[in-house]
Number of protein chains: 2
Amino acid sequence: MRHRLKDVAERAGVSVKTVSNVVNGYAHVRPDTRARVEEAIAALNYRPNLSARNLRKGRTGIIALAVPELDIPYFAELARHVVSAAAELGWTVLIDQTGGGREQERVVASGITDHLIDGLIFSPLALTADDLVNLDGTPMVLLGERVDRGPADHVVIDNVAAAREITNHLVGLGRRRIAAIGSQRTPEGASARLRLDGYRSALAEAGLGYDEALVAPAPVWHRADGAAAMRHLLSSGVRPDAVFCFNDTLALGALRALHETGLRVPEDVAVAGFDGIEDGRFSVPTLTTIAPDKERIARLAVELLANRIEGDRSAPPRELAAPYRLEPRESTQGRHP
Amino acid sequence: MRHRLKDVAERAGVSVKTVSNVVNGYAHVRPDTRARVEEAIAALNYRPNLSARNLRKGRTGIIALAVPELDIPYFAELARHVVSAAAELGWTVLIDQTGGGREQERVVASGITDHLIDGLIFSPLALTADDLVNLDGTPMVLLGERVDRGPADHVVIDNVAAAREITNHLVGLGRRRIAAIGSQRTPEGASARLRLDGYRSALAEAGLGYDEALVAPAPVWHRADGAAAMRHLLSSGVRPDAVFCFNDTLALGALRALHETGLRVPEDVAVAGFDGIEDGRFSVPTLTTIAPDKERIARLAVELLANRIEGDRSAPPRELAAPYRLEPRESTQGRHP
DNA sequence: AACGTTGACTACAACGTTGTAGAAACCAGG
DNA sequence: CCTGGTTTCTACAACGTTGTAGTCAACGTT
């Protein structure tokens, strides 16, 4: 049923190694021999056994991408780009869903490295630098978080600056009671904390006070949590005239809650998100957001990983920044800006 | 750095095979020997080399899931469930993105089977039964399409009945000029065709004529295509009072286009989708849809694949149906039904 | 004609694991 | 004390591939 080098070799009348050489494009093979081997390969529909090749070479050609949840659009879009970028280098991507819990993430960070993958691109939610120390030296690239003095390469965007910029955008529209949705009691360095920092710093620059009552936590960043947080803000009587949601799904939930309350967006409350997901281009109203360059993030991550795998594993960790863009849309600027 | 059975064996003072036996839970090992081996395993942080194990056993513990695009919410949600269901059986899922093109899908269907995976769950867009004949016997489960007399197991939902049901829902609301968005010139059997069939059959039952002008094609089923198709329908002067979109992303695009035109949903035009994606619960207005039981689909697919891998590979292909539910929401029923 | 160099190919071992066969130690029943 | 069966463990080969070392012929140079 399934053929091996040996079968091809017998059919072509050469040694196994010669077939292997043909398969791997080794230069010194006579044209007629090569042709005979290729004919045999085609006739038997030979394809190499990757397990055996991996065992021999110590490489698998597979990298893993670990994200919290696949059906959060941001991660789905990111995954798409990572798969594409990896394919260009001839790699296959194994996608892992951590669920975002600390224990599960720890398992992925240490256990996934069971020799089956050459490297890991990891987008952690709960882990901190301390959790990432003991890694058997499997190359790893971290995404999205600034894990200070982390033990691995990482690709970041400047969350603080981006959050400041989008908050400034709201300030620039004349909004004065700007709420935030999505704060979390997470360790220093996580996205929630950084985006909160940017928000606070923009408020301070604008001479607006920081009001704890305007900051709504969200344990996870799903649409339902955004809607719940928005309802909570509205019912608590603080009456914001703008909301900065720490990601787009929260913002879509907030839009929905505002719609149900009968408030107009942006006239009564302006809404801004973060992530630049596709949904935001088609929501009613369309969503103002910070759009990180996901393609760039994916490509940088794959390249960093490639360098690690093929190059010096003991080189000091590198940190690369990916660009982002503020994309003003209807949810802050109205229909005809 | 990385330890092998041999290292553990030396440390515990036993043979490699005994360590292997401990690792694999073989029964006849003396308790004290087992303890010594386990101590050594822990001390060296030993983890088996899967490539070697795979080579020896002919199994990898990895199954592949091939979907057209990861950032189409339906597939992202499906992927999530497949990963979860597979994890319960101790399997890892390798996710592949085909792009939906026929050639790429053919490559996946034949090429992914490079000995690295034990089986494949495949959600094809363009392939037909004919493309799936020559598969080297790698177990495969097809999703979503009714590939008639196909060579593999598949999990389907009754697209025709579901489409008829949601069209009936629109008819029941008193709509008479019901448009459809998403038709494709695809081979017999693909989703687009089946959903169109259901739509036509419901119209016929209701005594409403079939009007070609009310059916808008969409080459792919993204939001932008739904918006474009809706605009096209509106500008062509046919004035529908309802639209059945062949999936939810098309419907979200259509909602957006209607909003831009100033038409009210559902008062002027009722909108229905298909897929039951999470977005539809939070859109403005919320989206009436056919929601297939994705968790069930995923579990059935994984179980079928498990049977195929562990059981009789030459058994005749099986077809299992997963249930779906009509979920009426604001886009057809209005705010307070 | 003898020499080294290159090209074309092959035999063999090794990657880390597990199945098979079997040896050694132990046990129970006569 | 022997017999037959079980338990506990081990040596060896094999899975399919590729790196290393090497053979042999053809070639160009002295």
Side-chain angles (χ1 to χ4, degrees), chain A residues 1-41 44-62 90 113-118 136-138 310, chain B residues 1-41 44-62 113-118 136-138:
Chain A
M1 181 92 256
R2 196 119 224 181
H3 299 281
R4 302 154 299 159
L5 280 183
K6 191 167 171 241
D7 304 314
V8 178
E10 277 165 14
R11 189 175 219 271
V14 296
S15 75
V16 249
K17 191 63 219 289
T18 298
V19 181
S20 170
N21 286 339
V22 170
V23 170
N24 292 283
Y26 180 66
H28 301 302
V29 179
R30 271 212 323 267
D32 60 317
T33 311
R34 181 182 300 275
R36 261 196 351 273
V37 170
E38 275 165 355
E39 183 278 331
I41 288 175
L44 299 177
N45 189 27
Y46 167 78
R47 255 165 301 117
N49 179 321
L50 294 187
S51 283
R53 178 179 283 176
N54 298 341
L55 174 59
R56 184 62 239 234
K57 301 229 253 193
R59 289 274 182 80
T60 65
I62 299 184
T113 60
D114 285 358
H115 283 275
L116 248 189
I117 60 165
D118 295 340
D136 308 34
T138 304
E310 281 151 18
Chain B
M1 180 92 255
R2 196 119 226 182
H3 299 283
R4 302 154 299 159
L5 281 182
K6 191 168 171 242
D7 303 313
V8 178
E10 276 165 15
R11 189 178 220 270
V14 296
S15 76
V16 248
K17 190 62 218 291
T18 297
V19 181
S20 170
N21 286 339
V22 170
V23 169
N24 291 284
Y26 179 66
H28 301 304
V29 179
R30 271 212 325 267
D32 61 316
T33 312
R34 181 182 299 276
R36 261 196 352 274
V37 170
E38 275 165 354
E39 183 278 332
I41 287 176
L44 298 177
N45 188 28
Y46 167 79
R47 254 164 304 117
N49 179 322
L50 295 188
S51 283
R53 177 179 286 176
N54 298 342
L55 174 59
R56 186 58 238 237
K57 300 229 252 193
R59 290 275 181 81
T60 66
I62 299 183
T113 61
D114 284 358
H115 284 276
L116 246 189
I117 60 164
D118 295 339
D136 306 32
T138 304

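The chains referred to below are lettered A, B, ... by the order of the sequence lines, with proteins before strands, and numbering in each begins at 1. All values derive from a computational prediction rather than experimental measurement.
The shortest distance between side-chain heavy atoms of B/Val37 and B/Arg34 does not fall below 4.5 Å.
C/dC15 atom C1' lies 17 Å from atom NE2 of B/His3, rounded to whole Å. Rounded to a whole Å, the CG atom of A/Asn54 is 11 Å from the P atom of D/dT17. Atom OH in B/Tyr26 sits about 11 Å away from atom P in C/dG19, given to the nearest Å. Rounded to an integer number of Å, the gap from CG of B/Asn24 to C1' of C/dT18 is 8 Å. As a whole-Å value, the separation of B/Leu50 CG from D/dC15 C1' is 15 Å. D/dT17 atom P lies 8 Å from atom CZ of A/Arg53, rounded to whole Å. For the pair B/Lys6 NZ and D/dT10 P, the interatomic distance rounds to 15 Å; values are reported in whole Å.
In the helix from C/dA1-D/dT30 to C/dG30-D/dC1, the rotation axis of the first five pairs and that of the last five pairs differ in direction by 50°, rounded to 10 degrees.
Results of the side-chain contact (heavy atoms from CB on, under 4.5 Å) test with A/Leu5 over A/Ser20, A/Ser15, A/Pro48 single out A/Ser20 as the only residue that passes.
Under a 3.5 Å cut-off, the side chain of B/Asn24 and the backbone N or O of B/Tyr26 do not form any donor-acceptor pair.
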Grab the N/O contacts between the protein and nucleotides 22-27 of chain C below 3.5 Å, and write none if there aren't any.
none

Polar atoms only, N or O, under 3.5 Å: list the protein pairs with nucleotides 11-14 of chain C and their distances.
from, atom 1, to, atom 2, distance (Å)
C/dA14, N3, A/Arg56, NH1, 3.2

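Between B/His28 and A/Asn21, the residue anchored nearer the 5' end of DNA chain D, judged by the nucleotide with its closest heavy atom, is B/His28. Each of B/Ala52 and B/Ala27 has a nearest nucleotide on DNA chain D; the 5'-most of these lies closest to B/Ala27.
The minimum heavy-atom distance between B/Asn54 and B/Arg59, with the atom names listed, is OD1-O, 2.7 Å. Taking every heavy atom of both residues into account, A/Gly61 and A/Asp118 meet most closely at N-OD2, 2.7 Å.
Atom CD of A/Glu10 is separated from atom CZ of A/Arg4 by 7.5 Å, given to the nearest 0.5 angstrom. Atom CD1 of B/Ile117 is separated from atom CD1 of B/Ile62 by 9.0 Å, given to the nearest 0.5 angstrom.
Closest approach to the B/Arg30 side chain among C/dC9, D/dC9, C/dG16 is made by D/dC9 (side chain taken as heavy atoms from C-beta onward). Of the candidates C/dT10, D/dT10, D/dT18, D/dT18 carries the atom nearest the A/Lys57 side chain, counting heavy atoms from C-beta on. In this structure, the nucleotide among D/dC9, C/dT17, C/dT10 sitting nearest to the side chain of A/Thr18 is C/dT10. For A/Ser20, the side-chain atoms get nearest to D/dT18 when compared with the rest of D/dT18, D/dT17, C/dT17. In the set D/dT17, D/dC15, D/dT8, D/dC15 carries the atom at the smallest distance from any side-chain atom of B/Leu55.
The phosphate of D/dG16 (OP1 or OP2) has no side-chain N or O of A/Ser51 nearer than 4.0 angstrom.
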